[in-house]
Amino acid sequence: MSSRRTICVDCDEVLSDFMTPALHIIRKLGGPYLKRDEAVFWDVSLLLPNEPDEYGCNPRAAFMAEIGQYGWCSALKPLPDAADVIEALRSFGNVVCVTAPLEGSATWSHERLLWLKKHFGFDKKHVVLTNNKALVRGHVLADDGPHNCEDWGGGTAFLVARNHNAYETRFPRGSFSQFIDYAKQCVED
Ligand SMILES: [Mg+2]
């Protein structure tokens, strides 16, 4: 393991385009038609009611079940600029992907490990699957979820700018490319 400082990066909406296929399901289940840059919630399942409809189907539960199906996670597309950013970060830091498992899915975590290896070259020593990112030891985190930046401790968290976090002012915020300079400053301090 490198003695260089550890730079943590989230996966969904930082490395992967989670929103586009997720919003497609939302629409199919009767939710609003939104494009990726119009998403207003980090947790897009909140766009759907959490109670049974006239047919006894709970749309929010149906959404969670669909994204947890075999093959859904592995079919996500990498975001266009992400591979270049990861390469740049690796030139000065030990880059680790910190990503949450999907509760109730038997296949999500396995697919994510394979996906991170295939698209970004992360081996198993450079991936942490957890719902509690605050427990991960690292010098800086890039994440699109304000709750993750908050738990991380604030000072060294960087919010990757997406429409759903446009209201946030508590953290340094910018594109994933802009995170390169921020991370460099953090690991060299
Ligand atoms: Mg994310």
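Atoms within a ligand are numbered from 1 in the order they appear, just like the ligands themselves.
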*For residues I86 and F176, report the shortest heavy-atom separation together with the two atoms involved.*
CD1-CZ, 4.0 Å
*Check whether any side-chain heavy atom of M64 sits under 4.5 Å from a side-chain heavy atom of L102, and report yes or no.*
yes
_Contacts of the Mg ion (ligand 1) with protein N/O/S atoms, counting only those under 2.8 Å_ = D10 OD2, D12 O, D144 OD1
_Distance-only side-chain donor-acceptor flag, D43 / S45, under 3.5 Å_ = yes
_Between D144 (side chain only) and V160 (backbone N and O only), is there a donor and an acceptor less than 3.5 Å apart?_
no
_Under 3.5 Å: donor-acceptor pair, side chain of N165, backbone of W42_ = no
Under 3.5 Å donor-acceptor pairs involving side-chain atoms of residues 71-78, not counting sequence neighbours:
from : atom 1 : to   : atom 2 : distance (Å)
S74  : OG     : G71  : O      : 3.3
S74  : OG     : E111 : OE1    : 3.3

